[in-house]
Every structure is written in C-alpha cells, then in structure tokens.
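Residue numbers count from 1 along this sequence.
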Amino acid sequence: MVRRTEWPGEPEDSGSGPPASRGRGRRGGGRRRGFGEQDGRRSASGDEDSGSPAPSRAGEGEPRPPRGGSEREADPAERARNICLRLLTGTPRTRKQLADALRKREIPDEVADEVLTRFEEVGLINDAAYADAWVESRHHGRGLARRALARELRTRGVDSMTIDEAVGQLDSDQEEETARELVARKLRATRGLDRDKRIRRLAGMLARKGYPEGMALRVVRQALEQEGEDVEELGFGEE
C-alpha cells in the first residue's frame, strides 16, 4: 500500500480540520489497519502450525510483502509529524508544548526543530493566535486578570513579547468591571459572616485570579458599601 510522505497540510489547507483527520488516519484509522493486514499475512506465512502453504512458497523464492510500516515507524521525522498531529487533534498547542512532547519520545532535537518549523509555516502552530484565544477564553470564562493570564501563558512556553500583546487586549477598565462581576456573584454566599471575614474572602478570591491588591480591596469595599456595610473607617482601597 502506498503511503503519502509529504508534509501534513499545505498552506492553503492549514486549518485544524484536515490535518487532524489525517493524523487520526495515520495513527489509528483505516490506513494503519492496512499495514496491520500486511503484517498479519506475513505472520501467517511464517507460522509452521497454521497449515498454510505459504512457507513452501517463501522457500521457492517468492518476494516477501514490503515492510513499509516498520520502516516508516523508524523514520524520526515521520514519527514526529504523527505525534504532533495527534496532539493537535481537538486542541491547539504551543511550539514548546509540542517540543517537550517530542523530546520525551526521544525525537532528535534537530528533527523536532525541522518538523515544528514546518508546522509553523503551514499554520498548524501559531503561538500568537494561541495566546489571543487563551486570554479571551480564560478572562471571560474564568474571570482571570492579566497577571494570572500571563503566568499561565509563560508556563506553556509563550514568549514574553507575545504574552504582552495578548494580555494587552484587556485594559484596566475591563479588568475592573470583570472583578466587580465576580464579587457580585460571590457576595450573597458571604452574607451572615462578619465584615472582616467577608472582606478577606472576597478580596482573596480576586487575588487568586490575579487582580492587584488595591483594585481588589476597592471593588470589595464598594460592593459592601452598596449593601449598607460601614467600611469608611477601614481606609483601604485608596490609590
């Protein structure tokens, strides 16, 4: 069976759909079963207890089936491409995440670098787009502030310049508005607690999501004031 060996996804079809489907086909789909069928016939031909006439034919010098599957598995570049396609199926990854995965699978660094560069060229890896999507999703979905978003992107191997551009989508006004929404949702659950405990709990929630201390305390104070709490003497939240 003839297998394609060109790079996955030329530039005009570099979306996630076609490359992902090809990755599944190579790793677990019909094409892979084709190799398995070949290997199965070869095994049967060598099994002395199978009753198959194949051993005698092999002895007469008939050519053995091609061993394309094992050769392809031995090719580090092909292995690296298949690993990347499988990991990219269903979710984007940064270049560093894929590089770490290839290193764990003992792909030589020079081969990994070549494969990853080609994936970047055809758009299958795009750290800037990854960072933009991460900020959009995690801020609106989890309410994370710029500080927390930058920390998460750093752990995923995104470079500092790309991180700054991505978190720059959020300005201070938008960040504070999200903080107010978070406090409003949690405020009811703190009713019945004493004032200081409510402040610690609400401000701590914002701090864990990456909001600056001054902003967190100011937002909490204003929320409590709207409920009638006396917070004037506390003197926090002023900048």
**Study point:** Validation row: Y211, L182 side chains within 4.5 angstrom (heavy atoms)
**Key:** yes
Practice item. Decide yes or no for E120 and N126: does some side-chain heavy atom of the first lie under 4.5 Å from some side-chain heavy atom of the second? Key: no
Practice item. Please answer whether the main-chain N or O of L87 pairs with a side-chain N or O of R93 as donor and acceptor at a distance below 3.5 Å. Key: yes
**Study point:** Min side-chain heavy-atom separation R198-R195 under 4.5 Å
**Key:** no
**Study point:** Pair R142 + E152, salt bridge at N-O below 4.0 Å
**Key:** no
Check your understanding: Looking only at heavy atoms, what is the nearest atom pair of G157 and K96, with distance?
Key -> CA-CD, 3.3 Å
Study note, to complete from the structure: In V219, T190, T178, the residue satisfying side chain to side chain contact (heavy atoms under 4.5 Å, CB included) with V183 is V219
**Study point:** Distance-only donor-acceptor check, side chains D132 and Q169, under 3.5 Å
**Key:** yes
Review point. Under the 3.5 angstrom rule, does the side chain of R185 hit a backbone N or O of R180 as a donor-acceptor pair?
Key: no
Review point. When you look at F119 and L88, which way does the side-chain contact (heavy atoms from CB on, under 4.5 Å) test go after all the steps?
Key: CA-CA 11 Å; F119 270 51; L88 288 168; 3.8 Å; yes
Review point. Any idea which heavy atoms bring A80 and I107 closest together, and the distance?
Key: CB-CG2, 4.0 Å
**Study point:** Sub-4.5 Å side-chain heavy-atom contact between D75 and R81
**Key:** yes
Revision key, fill the gap. With sequence neighbours left out, the residues meeting side-chain contact (heavy atoms from CB on, under 4.5 Å) with T117 are R95, D113, E121
Review point. Any side-chain heavy-atom pair from Y130 and T162 closer than 4.5 angstrom?
Key: no
Exercise for review: Using the side-chain contact (heavy atoms from CB on, under 4.5 Å) rule, take R201 and M205 through it: C-alpha gap first, then chi angles, then the decisive distance, then the call.
Suggested key: CA-CA 6 Å; R201 183 164 298 183; M205 177 268 297; over 6 Å; no
**Study point:** Test: K104 and D100 ion pair at under 4.0 Å
**Key:** no
Review point. Is there a chain of hydrophobic side chains (I, L, V, M, F, W, Y, each step under 4.5 Å between heavy atoms) that links L124 to L116?
Key: yes
Review point. Under 3.5 Å, is there a donor-acceptor pair between the side chain of R146 and the main chain of L170?
Key: yes
Point to revise | Side-chain donor/acceptor of T94 to backbone N/O of R156, under 3.5 Å | key: yes
Review point. Is there a side-chain contact between C84 and L102, using heavy atoms and a 4.5 Å cut-off?
Key: yes
Check your understanding: Do the side chains of L153 and D127 get nearer than 4.5 Å, heavy atoms only?
Key -> no
Review point. How about R191: does its CZ atom have over 12 heavy atoms from other parts shown lying under 6.0 Å from it?
Key: yes
Review point. Charged N to carboxylate O under 4.0 angstrom, E114 versus R118?
Key: no
Exercise for review: Determine whether L98 and I83 make a side-chain contact, defined as any pair of heavy atoms from C-beta on separated by less than 4.5 Å.
Suggested key: no
